[in-house]
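Since the structure comes first, as structure tokens, the remarks are kept for the end.
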Amino acid sequence: MTKVVIVWFRDDLRLQDHPALYHGFFHAQKNGYQILPIYIYEGGMGEAARWWLHQSLAVLNDAIEGYLHTYQGDPVTIMTDLTTRFDVQKVVWNRRYTPQGHQIDDQVMAFLKNQNITYETYPGTVLIEPDRILKSDGSYYRVFTPFYKSSYLGKDFEPPLPSPFLNTKPSTKLFSTDLSSQNIDVLPSHPWHQKLHNYWIPGEQGAHEQWHTFLKHGLNGYKDGRNVPALPHVSKLSPYLRFGNISPRIVWSSLQNSDAPLADVNHFKSELGWREFSIYLLYHYPDLPNMNFNRSFDHFPWSFNEELYIAWTKGKTGVPIVDAGMRELWETGYMHNRLRMIVGSFLVKNLGIHWMHGRDFFDDCLLDADAANNNAGWQWIAGSGADAAPYFRIFNPLLQSDKFDPHGMYIKKFVPELQNASLNFLMDPYGYIGPAIYPRPIVDLSKSRAAALQAYKTLSSKEN
DNA sequence: TGTCGTTTAGA
DNA sequence: CTAAACGAC
């Protein structure tokens, strides 16, 4: 049997700055082994994310000349099968930090140990692993700013690793057999994803092109421009980071070398910090997807109205800025950060619907859907999260609209029915008449705001 | 990384 | 009269 080193790709579908691949490669080279690169689809991904995964796998497979082995199912079962068909010398992967991922990796490690197969794991998807940052009393940070200050602000990290295939033809180092690879079926069945091709080029090269475009044209002015959804001051790197098409270390190091204004550079770094903070929170509070981080919210009187919820998902709430955000999601699989806050606040505070419903919808529709970021984000906007906005911090979508999309350019871009509507109507659909085909607002903003505040009040009085 | 009603400085 | 400043929620 061929002696192989298995490189297990997970949320790190790239060749550059991939520690497991890099070290696995040189271990194999030194000992005359072949490399067996594998990916295992473990399920549990939304429709949009699966499209991105499918594309990323295809790109990675091309980059290594078709030698990627893909499987579907339980990793222990698949590893068991692989060890019967290959002389596995070692298994390497980059660590992950979700509760499920962690548990599965423990099982795989126990299995390999039992088989006397060595394995090596590496940090590769975060700048700093979550167990490395604690407060002086040994507990974990619950607030972003001190978390970020303690370990990221003004810091530098190890330089990224190159692809091991820079001077080597992949096929001379990789092992392939037609028998070993399954065809996995991750592509969503309905054709929605087809238009995503108009907006995105998933994969490692796409990531670098996107990033360099942003460095050149978007970073200068980022700090303020990032809040204006009609402007190109967002990196749109989130799906690439989610699937590891690019590493946060590559991003951070090119920021170090950027000559953009320091305020912009530092602000972008802090956004990477938020990504790390979400991963960190989920690691230390594994119930983040199932439980309010602030447990006093457990008694909050949510109400679920299906009609209102569906109107929200479809972007037919009659509030232009909210609908524009939801339509952007349908159209592109992505939503601008400012809009995520606006539509989230609207669902939770104006419609009174539990944040978990919003979370589930985002999980299914966002290309960058990720347990850590999505749950941390929704808990933040609901007010139940870490470092959360106090519950009474309720966004007024009309003020947000006026402040961040003053000319209605973003609204018009994504809501075709409002192409010819007056600016007055876009900024105040309650006070002006809009096109007949566009719905009336489904909720009274000031009444629902007052109701939300009232509900929050009963909550805090129960606490006492 | 909020909103709103009220106060206050200044044209 | 307007805009900035402030504090309560």
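We use all heavy atoms of the structure for the numbers below, so side chains are in, but hydrogens, waters and symmetry mates are not. Each chain gets a letter, A, B and so on, in the order the sequences are listed, and its residues count up from 1.
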Partners passing ring-ring contact (aromatic ring centres under 6.0 Å, His included) against A:F293 (at least two apart in sequence or in another chain):
A:Y285
Contacts of A:R96 meeting salt bridge (charged side-chain N to carboxylate O under 4.0 Å, His left out) (sequence neighbours excluded), chain-then-number -> A:E42, A:D105
Produce the list of close N/O pairs, under 3.5 Å, pairing protein atoms with atoms of nucleotides 3-7 of chain B; give distances to one decimal.
| from | atom 1 | to | atom 2 | distance (Å) |
| --- | --- | --- | --- | --- |
| B:dT3 | OP1 | A:N396 | N | 3.0 |
| B:dT3 | OP1 | A:Q400 | NE2 | 3.2 |
| B:dT3 | OP2 | A:K403 | NZ | 3.4 |
| B:dC4 | OP1 | A:N396 | ND2 | 3.1 |

Anything under 3.5 Å between a donor and an acceptor, one on a side chain of residues 97-104 of chain A, the other on a protein residue two or more places apart or in another chain? List them.
| from | atom 1 | to | atom 2 | distance (Å) |
| --- | --- | --- | --- | --- |
| A:Y97 | OH | A:E129 | OE2 | 2.6 |
| A:T98 | OG1 | A:G101 | N | 3.1 |

Please list, chain by chain and in numerical order, all residues satisfying salt bridge (charged side-chain N to carboxylate O under 4.0 Å, His left out) with A:D137, sequence neighbours excluded.
none
Name all residues meeting the ring-ring contact (aromatic ring centres under 6.0 Å, His included) criterion together with A:Y41; count only those two or more places apart in sequence or in a different chain, and write none if there are none.
none
